[in-house]
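Okay, so here's the structure we're looking at.
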Amino acid sequence: MADPKGFMTTPRREWPRRPVEERVRDWNEVYVPGALLPIVTKQADRCMDCGVPFCHDACPLGNLIPEWNDLVSRDDWRAAADRLHATNNFPEFTGRLCPAPCEAGCVLAINQPAVTIKNVEVAIADRAWELGLAPPRPPDRLSGRTVAVIGSGPTGLAAAQQLTRAGHTVAVYEKDDRLGGLMRYGIPEFKMEKHNLDRRLEQMRAEGTKFRTSTAVGRDVGAAELRTRYDAVVIATGATAWRELPVPGRELTGIQQAMEYLPLSNRVREGDLESSPMCAAGKHVVIVGGGDTGADCLGTAVREGAASVTQLDIYTQPGAERDEDIEPWPTYPKIYRLSAAHEEARDLRTAPAADADARLFAASTLRFEGDANGHVTSLHLVEVDARRRPVAESGRTLPADLVLLALGFSGPDRADGLVDELGLAMEPRGTITRDSGFATNVPGVFAAGDAARGQSLIVWAIAEGRAVAAAVDRHLTGSSRLPAPIGPYDRPMTV
């Protein structure tokens with residue numbers, strides 16, 4: 001603990017964002033470049049080095065947060081990078097994309113603003129790359145065992161890196177033409193510039209991991225064939241089966257899934273397209289769904305030049321402070337949060353009729369209406385109470401040329417035949433069944449990440465990747481020294 005009074009003398013300061021008017025004109029990350037380092041050492045000083053640091057339990061990776069906070073406060077970036085990478089393969093991803101349950105569990109957050117753990121994490125990660133502190137770590141010798149990892153999202157990449165470093169020969173199969181899964185085509189550039197992903201992939205290549213892109217297992221290569229070719233298979237395809245909205249008018253054109261819309265915008269950034277076929281420019285856009293994916297659609301539509309953008313959230317508007325009776329510390333509370341996209345929508349007044357920023361809370365979609373050509377023109381909604389019951393005489397209509405459904409995902413998409421060809425047992429909710437060792441009902445086949453856990457956070461995805469790697473290593477060799485931060489049945493802290 002570098003400064004015993006740091007949490008009393010230093011107020012919380014977060015990485016400042018660029019002015020709204022500036023950042024909505026480009027696709028660069030929203031934060032002011034270089035503005036984090038001058039403040040982050042003092043922010044790390046606010047860490048109390050608690051005797052029982054609940055941030056450890058709030059983070060499924062078990063990040064050694066007080067340790068690297070102390071090291072950052074002393075400007076010891078090399079040691080801080082070592083401690084950070086000891087538990088997290090990709091801190092530059094989590095530092096940008098994770099909603100930071102660790103901060104909700106910060107002991108200081110009992111009665112003060114939490115330590116800016118997420119900002120300290122990303123500062124260490126970026127500094128490590130800048131100072132050459134994240135070199136490839138190829139194994140000293142090979143085991144002679146082979147593993148196929150299906151999916152190159154955070155779970156698949158974490159599992160592949162851990163198994164490669166353990167000495168196994170690992171090939172990652174990705175159905176898209178580029179690696180990264182939803183980090184590549186689902187996360188907008190303004191949340192994480194893709195060079196952060198690319199340099200980590202180059203590190204993995206240098207360590208010996210092999211990659212096979214444009215290869216859908218079950219379609220381009222047989223799943224059973226893969227099972228016989230490798231000593232073990234890890235299924236980390238994610239939960240890509242999106243949820244539908246079965247209301248009248250859903251068949252109209254102009255109503256798209258969020259994960260049909262976002263990848264096209266990202267492909268424009270990659271140079272594959274001059275413009276997106278679903279571009280929101282000049283359109284009245286309504287986003288159905290109040291989560292992070294909806295916010296990603298919001299920020300994207302604003303940058304594409306939408307005439308208006310409104311986001312519908314079926315939940316009532318949360319308060320600004322934690323409700324200690326319902327969600328006591330150190331659980332992750334549902335409070336009113338202003339993401340960069342919502343800040344932009346608020347300042348630019350993209351949805352004048354909204355309750356706050358661009359969001360309409362407690363709003364449930366009743367039906368869509370369209371024109372003579374079968375294209376959507378409006379969305380009818382009704383206000384609902386806390387039990388989602390319609391409130392009398394609360395109906396309203398929003399103009400809608402483009403509707404984006406961001407309602408979450410139920411499990412892996414079975415269209416490619418992977419699940420059925422292997423004969424995998426499935427849970428009633430649509431996820432892959434596995435035992436306490438991440439193993440499926442098919443010998444030698446393991447499942448991890450959202451495909452088995454269900455839709456979750458990136459920090460849980462990486463933790464699953466590390467844990468399944470330990471299980472596979474044990475299956476192949478009889479024992480394992482790889483860390484297993486979570487079990488398949490572990491869940492976030494709740495009341």
Could you tell me whether the side chains of D450 and Q455 share a donor-acceptor contact shorter than 3.5 Å? no
So, the side chain of E327 versus the backbone of K334: is there a donor-acceptor pair under 3.5 Å, distance only? yes
D231: what forms a salt bridge (Lys or Arg N to Asp or Glu O under 4.0 Å) with it, not counting sequence neighbours? none
Please confirm whether the backbone N or O of V122 pairs with a side-chain atom of R127, one donor and one acceptor, at under 3.5 Å? no
Taking only residues two or more places apart in sequence, or in another chain, which ones meet Y332 in a ring-ring contact (aromatic ring centres under 6.0 Å, His included)? none
Quick one: closest heavy-atom pair of L262 and G186, and the distance? CD1-O, 3.5 Å
For side-chain contact (heavy atoms from CB on, under 4.5 Å), just list the numbers for Y173 and V149, CA-CA rounded to whole Å, side-chain angles, deciding distance to a tenth of an Å, and then say yes or no. CA-CA 6 Å; Y173 287 80; V149 176; over 6 Å; no
Would you please name every residue forming a side-chain hydrogen bond (donor to acceptor under 3.5 Å, both in side chains) with D296, sequence neighbours left out? K191
What residues, two or more places apart in sequence or in another chain, satisfy side-chain hydrogen bond (donor to acceptor under 3.5 Å, both in side chains) together with R184? D198, E270
If you take all heavy atoms of C106 and A114, which pair is closest and at what distance? CB-CB, 3.9 Å
Within the 4.5 Å heavy-atom criterion, are F54 and V52 side-chain neighbours or not? yes
Contacts of type ring-ring contact (aromatic ring centres under 6.0 Å, His included), residue F90, not counting sequence neighbours: F93
For the backbone of E29 and the side chain of E193, can you confirm whether one donor and one acceptor N or O come within less than 3.5 Å of each other? yes
Is a side-chain donor or acceptor of T350 paired with a backbone partner of V309 at a separation under 3.5 angstrom? yes
Is there a donor-acceptor contact under 3.5 Å from the side chain of T331 to the main chain of P333? no
Whether D3 side chain and K5 backbone form a donor-acceptor pair below 3.5 Å: yes
When you check the side-chain N and O atoms of N63 and T87, is any donor under 3.5 Å from an acceptor? yes
Under 4.0 Å between a Lys/Arg side-chain N and an Asp/Glu carboxylate O for D70 and R74? yes
Any carboxylate oxygen within less than 4.0 angstrom of a Lys/Arg side-chain nitrogen, looking at E67 and R83? yes
Results of ring-ring contact (aromatic ring centres under 6.0 Å, His included) for Y230 - residues two or more places apart only: none
I need the minimum non-hydrogen distance between P4 and F7, along with the two atoms involved. O-CE2, 3.3 Å
Does A406 offer a backbone N or O that forms a donor-acceptor pair with the side chain of Q257 under 3.5 Å? no
Spell out, as yes or no, whether a donor-acceptor pair under 3.5 Å connects the side chain of S339 to the backbone of H342. yes
For a quick check under 3.5 Å, do T209 and T164 share a side-chain donor-acceptor pair by atom type? yes
If we ignore angles and hydrogens, is there a donor and acceptor under 3.5 Å between the side chains of E14 and Q43? no
Which pairs count as side-chain hydrogen bond (donor to acceptor under 3.5 Å, both in side chains) when at least one residue sits in residues 468-487, sequence neighbours excluded? H168-D473, D473-S480
Check: N89/Q162 side-chain N/O donor and acceptor closer than 3.5 Å: yes
From CA spacing to verdict: side-chain contact (heavy atoms from CB on, under 4.5 Å), L157, F211: CA-CA 10 Å; L157 292 181; F211 294 102; 3.9 Å; yes
Between E121 and T94: side-chain donor-acceptor atoms closer than 3.5 Å: yes
Applying side-chain hydrogen bond (donor to acceptor under 3.5 Å, both in side chains) as the test, list every pair that has at least one member in residues 31-42; sequence neighbours left out. none
Go through Y336 and D357 one step at a time and tell me if the side chain to side chain donor-acceptor pair (under 3.5 Å) criterion holds. CA-CA 11 Å; Y336 177 75; D357 47 76; 2.5 Å; yes
If I compare all heavy atoms of P66 with all of C55, which pair ends up nearest, and what's the gap? CD-SG, 4.0 Å
Give a yes or no answer on whether the side chain of T440 reaches the backbone of A447 with a donor-acceptor pair at less than 3.5 Å. no
Taking all heavy atoms of A484 and all of A470, pick out the closest pair and write down the distance. CB-CB, 4.0 Å
Any donor and acceptor pair, going by atom type alone, linking the side chain of T215 with main-chain N or O of T213 inside 3.5 Å? yes
Apply salt bridge (charged side-chain N to carboxylate O under 4.0 Å, His left out) to the pair R199 and E202, showing each step before the final yes or no. CA-CA 5 Å; R199 65 187 176 187; E202 286 306 310; over 6 Å; no
Just jot down the salt bridge (Lys or Arg N to Asp or Glu O under 4.0 Å) partners of R267, sequence neighbours excluded, or say none. D177, D272
Suppose the criterion is side-chain hydrogen bond (donor to acceptor under 3.5 Å, both in side chains): which pairs have a residue in residues 18-27, not counting sequence neighbours? R18-E22, R18-D26, R23-E343, R23-E344
Check W15 against N119 and note the closest heavy-atom contact, atom names and distance. N-OD1, 2.8 Å
Is it the case that the side chains of E427 and T433 hold a donor-acceptor pair, with the cut-off being a distance below 3.5 Å and no angle test? yes
Could you pull out all residues at least two apart from E304 that satisfy salt bridge (Lys or Arg N to Asp or Glu O under 4.0 Å)? none
How far does CD1 of I117 sit from SG of C59, to the nearest 0.5 angstrom? 9.0 Å
Side chain to side chain contact (heavy atoms under 4.5 Å, CB included), paired with I150, selected from V234, D416, V233: V233
Salt bridge (Lys or Arg N to Asp or Glu O under 4.0 Å) involving E92 - partner list, sequence neighbours excluded: R200
Run the salt-bridge test on E189 and R303 with the 4.0 Å N-O cut-off and return the result as yes or no. no
Separation between OH (Y185) and CG (L179), nearest 0.5 Å, reads 9.5 Å
Given side chains that start at C-beta, do those of T237 and T155 come closer than 4.5 Å, heavy atoms only? no
Does the pair R165/D140 count as a salt bridge with the N-to-O cut at 4.0 Å? no
